There are 2 protein chains.
Amino acid sequence: MTGSATRLDETPLDEQEVPEAGTAGGALYRRVAADLREAITTGAYGEAGRLPAEGALAERYGVSRGTVRQALAVLRADGLVTSRRGTRRVVLGNARVQSFSELLSFTHWARAMGEEPGGRLESLVRRPADAAEREQLRLEPGAEVYVTLRLRTLSGSAVMVERTVYPPHVGVLVAQLPPDVVSHTEHLREHGILFTDADHTIDVVAANAEDAKLLGCRRGAPLLRERRRTTDPTGCPVEWSQDRYLPGTVAFSVHNSMVTSALSRHARADD
Amino acid sequence: MTGSATRLDETPLDEQEVPEAGTAGGALYRRVAADLREAITTGAYGEAGRLPAEGALAERYGVSRGTVRQALAVLRADGLVTSRRGTRRVVLGNARVQSFSELLSFTHWARAMGEEPGGRLESLVRRPADAAEREQLRLEPGAEVYVTLRLRTLSGSAVMVERTVYPPHVGVLVAQLPPDVVSHTEHLREHGILFTDADHTIDVVAANAEDAKLLGCRRGAPLLRERRRTTDPTGCPVEWSQDRYLPGTVAFSVHNSMVTSALSRHARADD
DNA sequence: AAGTGGTCTAGACCACCAG
DNA sequence: TGGTGGTCTAGACCACTTA
């Protein structure tokens with residue numbers, strides 16, 4: 001009923017897999033979290049039902065209370081459950097889970113939706129970085145960057161224009177990429193470039209001449225813009241991208257709470 | 001140099017304040033987090049510098065390592081620092097802090113920017129909830145809702161149209177509200193309605209006739225839309241709002257990482 | 001090989017909520 | 001008043017990075 005409903009010792013430990021995603025990470029608390037997530041989204045605790053007490057869960061899974069709390073913190077951050085002192089946790093909603101790579105990679109995202117991702121590399125140039133690019137990618141004056149322009153499609157129809165600026169050590173890899181590679185993000189990962197953190201800014205802009213030509217819309221037509229700066233595990237910027245979507249093709253969702261708020265609202269786009 | 005750089009015992013404990021915001025929460029780890037945040041944003045550790053080890057921080061603040069880790073988890077969620085096994089944490093960027101209420105309340109937000117918030121209640125009606133509203137607010141068939149339409153201004157100029165649907169127990173409070181109240185969010189809080197969790201969805205829509213008239217734009221002109229469902233500490237929905245901003249007036253920012261991702265991307269707006 | 005963060009445990013006390 | 005989650009401690013072992 002409740003996923004496994006028994007101790008996790010019975011779960012095989014031999015699954016290696018990718019360190020990300022997958023319902024069974026190596027850490028104990030991740031497996032507890034995965035099991036509880038499964039139970040919650042399946043409706044085992046009802047629409048707005050109450051979860052068992054931390055102590056009860058600890059006993060059920062054969063782990064300490066601290067580990068249970070670590071697992072529950074994951075679910076709370078995802079907006080799956082509430083938590084307040086004095087009462088058991090309450091189911092908040094059926095969460096929209098989405099792995100990190102699924103969010104950064106257009107290809108992953110499209111496939112996860114069952115759609116066929118497509119795209120075309122329109123251009124790739126290497127040139128000196130301007131001031132803004134140097135600041136975003138933390139580069140020295142005089143440093144060069146690689147800039148790509150891609151048109152992305154879903155099931156054949158144009159959806160988004162993506163302009164990405166790469167620092168040199170990443171750019172050389174992108175430049176060597178065969179032109180028919182579907183997911184450059186995947187390719188970069190295989191070459192040791194990891195994406196772990198990202199800052200996103202979302203607003204609306206008018207299509208310029210280039211956007212209009214590629215997307216097949218009028219010049220000045222509104223586009224949903226997402227600017228994104230991604231860093232690797234060492235905190236080093238590896239990508240600065242600007243994606244422009246046709247209206248009606250995409251929406252972004254965020255959950256936040258009084259204890260965990262990664263969302264903020266800004267006046268005018270400072271650009 | 002580093003905020004206090006000494007044990008926190010010297011910090012007065014008498015500050016009560018609002019449980020939210022404020023750099024000094026009651027919990028020990030919150031004070032450590034606040035002190036570290038201060039030090040980081042001040043640049044005490046440099047642009048991409050390394051933080052002291054957990055053990056060193058524990059000793060400096062006179063707390064256990066567990067408490068230090070709790071504090072650092074806050075900063076990591078905010079996108080202020082990275083963290084990986086084997087190396088000290090690295091400063092990621094100067095975070096855009098924004099309290100939860102500042103994000104939910106147009107009035108709070110405007111004042112925090114130094115702008116003068118204004119607004120006008122265009123209409124308030126009470127009527128049976130439709131199917132979508134019942135689902136969002138988790139209401140029984142036949143239940144009624146209160147619907148408000150507000151025009152929000154910054155320094156006199158129209159910026160946003162806000163349509164909010166309230167469940168009965170909140171709606172009655174809104175209906176009793178004097179028409180000249182600036183912040184209804186504040187008013188609701190004083191009456192025991194607390195906002196603790198929110199789900200946001202951001203996309204682009206075309207202005208309808210009503211939007212156009214209020215915002216002074218053409219019908220069909222693009223608007224940045226934010227739909228938001230807010231719940232109270234018990235997990236009970238208290239508000240379902242749809243805000244429509246004129247382009248160029250606002251942008252939303254999110255930080256996420258491989259360990260904590262509250263952001264997701266959806267195909268088409270399911271509405 | 002040494003240092004560092006990630007994970008897990010066991011136990012304690014407190015603040016808060018509900019019956 | 002009893003149960004619950006929030007906070008804090010002390011110690012342990014492991015996985016990983018760096019040199």
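Since the structure is predicted, the reported quantities are computational estimates derived from the model, not experimental observations. Letters A, B, ... mirror the listed sequences (proteins, then strands); counts begin at 1.
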Exercise. Is B:Arg69 touching bases, backbone alone, or none of the nucleic acid, heavy atoms closer than 4.0 Å?
Worked result: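 The residue B:Arg69 makes base contact.
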
Seminar exercise, completed: Hits for ring pair (Phe, Tyr, Trp, His ring centres under 6.0 Å) against A:Phe106, two or more places apart or cross-chain, chain-then-number order -> A:Trp109

Exercise. Out of D:dT18, D:dC8, C:dG6, which nucleotide sits closest to the side chain of B:Ala27?
Worked result: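 Nearest to the side-chain atoms of B:Ala27, counting from C-beta on, is D:dC8.
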
Seminar exercise, completed: Those residues at least two apart in sequence (or on a different chain) that pass side-chain contact (heavy atoms from CB on, under 4.5 Å) with B:Thr234 are A:Arg84, B:Asp232, B:Cys236

Problem set entry | side-chain contact (heavy atoms from CB on, under 4.5 Å) partners of A:Thr231, counting only residues at least two apart | A:Asp197, A:Arg229, A:Pro237, B:Leu92

Exercise. What is the distance from CZ of B:Arg30 to C1' of C:dA15, rounded to the nearest Å?
Worked result: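 Whole-Å distance recorded here is 14 Å.
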
Seminar exercise, completed: Taken to the nearest whole Å, CG/B:Leu72 to P/D:dC8 is 14 Å

Exercise. Side-chain N or O of B:Arg84 less than 4.0 angstrom from OP1 or OP2 on D:dT18?
Worked result: yes

Exercise. Closer than 4.0 Å, any side-chain N/O of A:Thr87 to the OP1 or OP2 of D:dG5?
Worked result: no

Problem set entry | Residue pairs passing the side-chain hydrogen bond (donor to acceptor under 3.5 Å, both in side chains) test where at least one lies in residues 46-58 of chain A, sequence neighbours excluded |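 Residue pairs with at least one partner in residues 46-58 of chain A: A:Glu54-A:Arg65, A:Glu54-A:Arg69, A:Glu54-A:Arg89.
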
Exercise. When every nucleotide of nucleotides 9-14 of chain C is labelled 5' to 3' by its protein contacts under 4.0 Å (heavy atoms), B for base, S for sugar-phosphate only, - for none, what sequence of letters results?
Worked result: B--B--

For this session: Using the test salt bridge (Lys or Arg N to Asp or Glu O under 4.0 Å), find all partners of B:Arg138 that sit at least two apart in sequence or belong to another chain.
Result: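 With neighbours one apart ignored, the set is empty.
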
